[in-house]
There are 2 protein chains.
Amino acid sequence: MANAFVEKLRGYASLTEADATILEAACSTQRNVAARHDLIREGDKPGSVFVMLEGWACRYKILPEGGRQITAFLMPGDFCDMHVSVLQEMDHNIGTLTPARVASIPRARMEELIDTHPGITRAFWWTQLVDEGILRAWIVSMGRRKSSARVAHLMCELYVRMRNVGATTGDSCEMPLSQIVLADALGLTSVHVNRVFRKLRLAKIMELRTGSLIISDIERLAQIAGFDDNYLHRRGAAAV
Amino acid sequence: MANAFVEKLRGYASLTEADATILEAACSTQRNVAARHDLIREGDKPGSVFVMLEGWACRYKILPEGGRQITAFLMPGDFCDMHVSVLQEMDHNIGTLTPARVASIPRARMEELIDTHPGITRAFWWTQLVDEGILRAWIVSMGRRKSSARVAHLMCELYVRMRNVGATTGDSCEMPLSQIVLADALGLTSVHVNRVFRKLRLAKIMELRTGSLIISDIERLAQIAGFDDNYLHRRGAAAV
DNA sequence: CGCGTTTTTGAAGCCCCTCAAGTGTAGTGG
DNA sequence: CCACTACACTTGAGGGGCTTCAAAAACGCG
């Protein structure tokens with residue numbers, strides 16, 4: 001059974017069975033990490049590349065006044081910057097949100113993979129471009145969408161990303177994020193996020209239970225969000 | 001005299017003189033583009049990689065309701081995604097803001113450079129990581145900074161980026177951006193951007209004339225912004 | 001069960017938006 | 001040189017979306 005990382009990269013056409021096996025092996029160094037634990041902190045010298053195998057993490061920054069802004073969610077299958085080691089130091093933190101299982105690919109092994117396996121390298125490029133697309137989509141959301149659309153858009157994105165790694169069951173998926181965490185990602189307060197979820201729940205569009213998201217009316221959700229999944233660059237993707 | 005692109009990559013230690021010459025040559029295919037002209041549109045199949053030599057451009061998205069969100073400014077020396085060609089189609093637009101001079105590096109030439117010049121390849125990685133850092137910094141700004149801090153932060157960023165390509169003169173630099181354009185980048189209205197600039201001007205902190213930015217009190221500006229330039233990853237950078 | 005955290009709801013206020021009108025300013029053509 | 005046009009900038013008034021502050025209820029975990 002392939003891990004979520006390999007599963008995700010398989011969604012990209014050029015990854016062969018042989019490549020998948022090699023990737024699987026590259027993730028052999030694994031460790032369990034508790035929830036709310038930083039994998040790497042701002043100012044640290046980047047070393048190995050992390051791969052999320054189980055559990056969720058996020059990239060975040062803390063502001064001088066104490067506020068937190070999450071800039072990305074890392075779910076099973078996601079990994080962190082194939083070339084970070086080029087940088088002298090990290091400009092943000094990465095921390096777990098749930099208990100997680102994380103693989104580390106040493107810098108040398110990464111470079112070896114890149115040098116010798118063009119298919120894997122292309123798959124890495126692809127994930128990096130998708131991650132950039134997600135960053136841009138977040139900027140669009142924060143800049144020009146009102147709170148309901150912003151919440152709806154994030155839920156659409158996370159649902160589709162979970163589906164892309166085969167982690168959805170029908171119209172629901174695992175989503176171990178508190179409203180506080182979502183607020184820190186959306187640039188809202190948890191109080192307001194709560195009111196938005198209340199409205200969407202009463203409108204029978206979606207519901208956020210502890211640990212999971214249930215979407216009852218994905219069409220209306222996508223419509224409220226103005227969601228177009230093109231930025232996730234799934235090969236042969238069907239529209240939502 | 002090296003072009004702005006080579007000048008920028010030189011800021012990254014590993015670029016040798018020989019590499020610089022090769023890069024310069026790779027930019028030999030140039031063309032002039034009028035202001036307000038799209039270099040590439042959402043849905044297009046990416047081909048060559050663009051390099052900005054003169055003038056400014058931006059990445060942007062248009063929302064269903066007609067609003068525009070700018071997700072990045074491209075200034076002289078910036079280039080666009082070394083691996084875009086991996087994607088089937090663009091998920092956003094890139095358009096000029098001023099008359100510009102743009103180089104195109106064909107996909108094949110890019111791959112050749114990457115295969116044969118590790119120093120150049122590392123410099124490309126570096127610019128990509130800086131661009132990602134900028135995207136994250138924008139998310140932090142839009143999510144957690146109030147309008148004055150947000151405007152101040154963007155001005156700090158653009159000033160430092162201009163300085164990194166040697167395009168500043170003392171405490172001022174070229175900045176051919178209208179308040180409307182800035183508003184579309186900041187997630188604010190141009191009316192409010194105008195009021196913020198008025199306040200900062202009256203406080204004798206900075207002034208935006210047509211075409212240029214003059215910073216009178218960079219320390220207070222950086223303080224208002226909560227600006228830390230670490231995310232721009234300048235080698236041996238001095239603090240602001 | 002008890003405690004910490006998250007969720008939920010209310011009330012008041014502010015930041016930024018919307019709408020609107022008037023004032024520059026640069027470019028064009030007579 | 002001055003209409004004329006098209007934008008961008010500027011300023012005011014009013015409103016709404018989201019925040020802040022506060023407190024109670026519900027949840028989850030040892």
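Every chain is numbered from 1, with letters handed out A, B, ... down the list of sequences. In this text the structure is predicted, and so the values were computed from the model without any measurement.
Between the side chain of Arg195(A) and the base of dG17(D) there is no donor-acceptor pair of N/O atoms closer than 3.5 Å.
Rounded to whole Å, the distance from CZ on Arg145(B) to P on dT19(D) is 17 Å. The nearest whole Å value for the distance from the NZ atom in Lys146(A) to the C1' atom in dG16(D) is 9 Å. In this structure, CZ of Arg150(A) is placed 14 Å from P of dG17(D), rounded to the nearest angstrom. If you measure from atom CG of Asn194(A) to atom P of dA23(D), you get 18 Å, rounded to the nearest angstrom. A straight line from CG of Leu202(B) to P of dT10(D) spans 11 Å, rounded to a whole angstrom. Rounding to whole angstrom units, CD of residue Glu207(B) and C1' of dC9(D) are separated by 13 Å. Rounded to whole Å, atom C1' of dT11(D) lies 17 Å from atom CZ of Phe197(B). dG17(D) atom P lies 17 Å from atom NE2 of His192(B), rounded to whole Å.
The residue Arg201(B) sits close only to the backbone: its heavy atoms come under 4.0 Å of sugar-phosphate atoms, none of a base. Using a 4.0 Å heavy-atom cutoff across all strands shown, Arg209(A) reaches no nucleic acid atom at all.
In the set dC18(D), dT20(D), dG12(D), dC18(D) carries the atom at the smallest distance from any side-chain atom of Leu188(A).
Residues Lys8(A) and Thr127(A) have side chains that never bring a donor and an acceptor to within less than 3.5 angstrom of each other. When only modelled atom types and interatomic distance are considered, Asp229(A) and Tyr159(A) share no side-chain donor-acceptor pair under 3.5 Å. Side-chain contact annotation: Asn32(A) with Arg101(A), donor-acceptor N/O pair under 3.5 Å present. Side-chain contact annotation: Thr96(A) with His37(A), donor-acceptor N/O pair under 3.5 Å absent. Between the side chains of Asn230(B) and Glu42(A), at least one donor N or O sits under 3.5 Å from an acceptor N or O.
Under the 4.5 Å side-chain criterion, counting only non-hydrogen atoms from C-beta, Gln69(B) is not in contact with His92(B). Side-chain atoms of Glu89(A) and Asp44(A), non-hydrogen and from C-beta on, never get closer than 4.5 Å to each other.
OP1 or OP2 of dT10(D) sits under 4.0 Å from a side-chain N or O of Gln179(B). The shortest distance between the side-chain N/O atoms of Thr210(A) and the OP1/OP2 oxygens of dC27(D) is not below 4.0 Å. Put simply, Thr189(A) has no side-chain N or O that comes within less than 4.0 Å of OP1 or OP2 on dC18(D).
Between His153(B) and Tyr231(B), the ring planes lie parallel to each other; the angle is under 30°, not in the 30° to 60° tilted range.
Mapping Ser190(A) and Val193(B) onto DNA chain C by nearest heavy atom places Ser190(A) closer to the 5' end of the strand. Checking Ser148(A) against Val191(A), the closest nucleotide of DNA chain D that is more toward the 5' end is the one next to Ser148(A). Toward the 5' end of DNA chain C, the nearer of the two residues Gly187(B) and Ser178(A), judged by each one's closest nucleotide, is Ser178(A).
Here chain B contacts DNA chain C (any atom closer than 4.0 Å to a heavy atom, that is under 4.0 Å), and the contacts span dC16(C) to dC19(C) from 5' to 3'.
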